[in-house]
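Atoms within a ligand are numbered from 1 in the order they appear, just like the ligands themselves.
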Amino acid sequence: METVACNLCGSAEHSVVYEMPDARFFREEFFKIVECKRCGLGFVNPRPTTAEIQKYYPAMYYQGPPTESHELYLNRRFSAEASCLKPLENGEGRRRLLDVGCANGNFPRFMAARGWEVEGVEISQASQPIKDFRVFMEEFDKIQFGERKYDAVTAWAVLEHVHDPMAYFRKAAQVVKKGGLFVFLVTNFESAASRHLFCEDVPRHLYFFTRETVKQYLDKTGFALEQEDNGRKVHKMAPNNWLGFMVRTRLLGKKYEFRDVPMTSKEFRAKYNLRPGLMTSLKYAAYSPTMVVDRMLWPVIETAQILRKTYGISTYVARRLP
Ligand SMILES: [Zn+2]
């Protein structure tokens, strides 16, 4: 483990916002999420080093369900992602895209079908080999691009995973043509899901951004923020147990900690070895009535959050300054 200063402003002063374990793979290992006192950046500190982080990405992390509904979901997601690049599609000639964290290459392939020349960056060995376009298999900030430039660089749910986001912003500024776009999606540290409800995927997520901290990164690296889309079109981050959190903190005046998060219905079934069905649903409702009401309220809560720009996910479109 290593203790780090703020990646955005260099300050070593921060306060602890919450503690939570790796809820997916190592439930006994707890991590502190801190917030920089000077600039507001959120990050895991202390954190696993670049060597130690490997263990938190087991092979099963990369396994997606190859079903038909998954394909439909991917197509909807890629369309939403592609809409951010529309402003560049009107001009003459072919546009060049670099997709950082391209996984199996499906998003660049989607863009190639729209007439883009595409390349990708992917460091995970678990991804399938890509043969139909060039893929750099190195950390983005370490790649020697020479004179290579792109009309757009995209990074979908990448920056929250890396050890040095500033190096990624700097590299993007080097390789995006002047007037080109850097488009990226990150979780939103201003959302209840990220800040209070323990929905972050710690310690795979190491950094937690807000509109303000994103703007500061862009200012320091030569980009101007052009558009922010706060919402669930590309990725979702449901405000899980928002009601339970409100009841506990607002009505009862108590702290809400990780151990106060109720089991999901799936975890509940696994723990008591129950099969899905009416009796199991009733047992779960008796175990956590707020969770059941909470699920019914999600559409309303999420809509309110999106309107107030406090939903858990934000996509940013930034323009490289001339
Ligand atoms: Zn800072």
Side-chain angles (χ1 to χ4, degrees), residues 1-20 22 30-53 56 100-101 139-142 153 155-174 176 182-230 237 255 258 308-321:
M1 297 285 276
E2 59 183 358
T3 301
V4 290
C6 176
N7 181 257
L8 174 53
C9 77
S11 168
E13 284 192 47
H14 44 253
S15 50
V16 177
V17 182
Y18 62 84
E19 286 182 58
M20 73 174 285
D22 176 348
F30 275 73
F31 299 90
K32 284 191 177 74
I33 284 66
V34 305
E35 182 173 38
C36 174
K37 284 188 178 173
R38 200 196 291 169
C39 74
L41 184 69
F43 50 106
V44 176
N45 205 21
R47 69 182 186 186
T49 61
T50 47
E52 288 164 340
I53 203 75
Y56 301 94
V100 180
E139 278 275 357
F140 176 50
D141 58 316
K142 307 284 187 315
V153 169
W156 305 105
V158 169
L159 296 171
E160 67 273 37
H161 290 267
V162 305
H163 277 71
D164 185 359
M166 185 59 91
Y168 271 57
F169 277 92
R170 286 215 180 94
K171 196 71 176 184
Q174 265 175 34
V176 174
F182 180 32
V183 179
F184 52 96
L185 175 146
V186 289
T187 62
N188 177 12
F189 200 38
E190 262 165 86
S191 69
S194 170
R195 208 178 169 87
H196 302 298
L197 304 179
F198 306 99
C199 298
E200 290 284 1
D201 190 16
V202 171
R204 283 159 293 283
H205 290 187
L206 292 170
Y207 283 94
F208 312 98
F209 304 90
T210 61
R211 186 178 319 113
E212 282 314 307
T213 51
V214 160
K215 269 194 198 152
Q216 291 178 52
Y217 270 108
L218 295 173
D219 275 353
K220 285 179 189 237
T221 51
F223 287 103
L225 180 59
E226 192 154 287
Q227 188 193 319
E228 179 199 356
D229 177 31
N230 180 248
M237 189 148 125
K255 271 187 85 173
F258 183 79
R308 299 176 60 212
K309 290 196 181 287
T310 57
Y311 186 69
I313 304 284
S314 284
T315 302
Y316 296 95
V317 178
R319 180 97 49 185
R320 180 81 175 90
L321 293 170

- Message: Parallel, tilted or perpendicular, judged at 30° and 60°: which one describes the rings of F182 and F223?
- Response: tilted
- Task: Return the number of protein N, O or S atoms with a distance to the Zn ion (ligand 1) smaller than 2.8 Å.
- Result: 4
- Any chance NZ of K32 has more than 12 other-residue heavy atoms, nucleotides or ligands included, within less than 6.0 Å? no
- The ring pair (Phe, Tyr, Trp, His ring centres under 6.0 Å) partner of F189 among F43, F208, Y18 is F208
- Task: Applying side-chain hydrogen bond (donor to acceptor under 3.5 Å, both in side chains), run through E228 and S314 and close with a yes or a no.
- Result: CA-CA 7 Å; E228 179 199 356; S314 284; 3.1 Å; yes
- When Y217, F209, F169, Y207 are each screened for ring pair (Phe, Tyr, Trp, His ring centres under 6.0 Å) with F184, the one that passes is F169
- Task: Output all residues satisfying salt bridge (charged side-chain N to carboxylate O under 4.0 Å, His left out) with K215, sequence neighbours left out; order by chain, then residue number.
- Result: E212
